[in-house]
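To keep things clear, I will list the structure first and then write my remarks on it.
Along the sequence shown, residues are numbered consecutively beginning with 1.
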Amino acid sequence: MKVLFVCLGNICRSPTAEGVFRHQVRAAGLQDEIEVDSAGTGDWHVGKAPDSRTARAARQRGYALDDLRARQFEVADFQRFDLILAMDRSNLRDLQALRPATSRAELDLFLRRCGQAEQEVPDPYYGGADGFDQVLDLIECAGAALLADLRAQL
Ligand code: 4NP
């Protein structure tokens, strides 16, 4: 099972989702069953490490994101991944527009799929420090729900 998290820049929300979910998968001993990656729809930050505010907030909760590097989503990802989870509706729309008719990958909003009342992980890039903690709260909760869901399918 291959899961890809997608946001706009791949330096805030989706690397957080990658790091948190990988941690959750490993804690459950499912690292050989579930592969995790992330990408951005935009190309502005390709090759860069996660935003320092994102990395700091994650580190405070025990997640190391510093080795991750941003990459841009590519159409071939629709063949490589089983499940592609967008952080917000704008990311989802951009992905839907790129999706080849032959792709069998499942494409959805990360939070909707995980049964949260809140449907979007808000972009923290231009906001204050609280935004990064809110992103972590939403992602930890949705990641746990996603893991339970995938585990039932393995
Ligand atoms: P992300 O956040 O999509 O969660 O990585 C953003 C990062 C950079 C920009 C926007 C959102 N930007 O405009 O450069």
* Spacing of R89 atom CZ and R93 atom CZ [to the nearest 0.5 Å] -> 8.5 Å
* Asked: How would you list, by chain and number, every residue that makes a salt bridge (charged side-chain N to carboxylate O under 4.0 Å, His left out) with R56, sequence neighbours excluded?
  -> none
* **Heavy-atom check, side chain of L68 versus side chain of R22, under 4.5 Å** => yes
* Asked: Are M87 and D123 side-chain neighbours, meaning at least one heavy-atom pair lies under 4.5 Å?
  -> no
* To do: Linking directly or through intermediates, with side-chain heavy atoms under 4.5 Å: list the remaining ILVMFWY members grouped with Y125, chain and number order.
  => I11, Y126
* Asked: What distance do L92 atom CG and Q96 atom CD have between them, rounded to the nearest 0.5 Å?
  -> 4.0 Å
* **Hydrophobic cluster partners of L8 (side-chain heavy atoms under 4.5 Å)** => W44
* Mind checking ring pair (Phe, Tyr, Trp, His ring centres under 6.0 Å) for F132 and listing every partner two or more places apart, or none if nothing turns up? => none
* Asked: salt bridge (charged side-chain N to carboxylate O under 4.0 Å, His left out) with R59: which residues, sequence neighbours excluded?
  -> D66
* Could you give the distance from CG (L85) to CG (D108), rounded to the nearest 0.5 Å? -> 6.5 Å
* List in chain and number order the residues that pass salt bridge (charged side-chain N to carboxylate O under 4.0 Å, His left out) with R151, two or more places apart in sequence or in another chain; answer none if no residue qualifies. => none
* **Pair listing, side-chain hydrogen bond (donor to acceptor under 3.5 Å, both in side chains) test, anchored in residues 27-43, at least two apart** => N10-S38, E18-S38, D37-R71
* Could you grab the distance from atom CG of L83 to atom CD of E106, nearest 0.5 Å is fine? => 5.5 Å
* Can you name the residues that form a side chain to side chain donor-acceptor pair (under 3.5 Å) with D133, not counting sequence neighbours? -> R61
* **Modelled atom types, side-chain donor and acceptor of N91 and D94, under 3.5 Å** => no
* Structure fact -> Value for OG (S90) from CG (L95), rounded to nearest 0.5 Å, stands at 9.5 Å
* **Path from I139 to I34 over hydrophobic side-chain contacts below 4.5 Å** => yes
* Residue pair L30 / L147, side-chain heavy-atom distance below 4.5 Å -> yes
* Asked: With sequence neighbours left out, which residue pairs that include part of residues 50-71 fulfil the ring-ring contact (aromatic ring centres under 6.0 Å, His included) condition?
  -> H23-Y63
* Summary of ring-ring contact (aromatic ring centres under 6.0 Å, His included) pairs that have at least one residue in residues 74-97, sequence neighbours excluded -> F73-F78
* Asked: With sequence neighbours excluded, what pairs up with F110 under the ring pair (Phe, Tyr, Trp, His ring centres under 6.0 Å) test?
  -> F5
* Taking the side chain as every heavy atom from C-beta outward, state whether P122 and L138 have any atom pair closer than 4.5 Å. => yes
* Asked: For D82, what residues pass the salt bridge (charged side-chain N to carboxylate O under 4.0 Å, His left out) criterion, not counting sequence neighbours?
  -> none
* L150 versus V3: any side-chain heavy-atom pair under 4.5 Å? -> yes
* Structure fact -> Between the NZ atom in K2 and the CZ atom in R80, the distance rounded to the nearest 0.5 Å is 9.0 Å
* Look at the side chain of E140 and the backbone N and O of V20, then say whether any donor-acceptor pair between them is shorter than 3.5 Å. => no
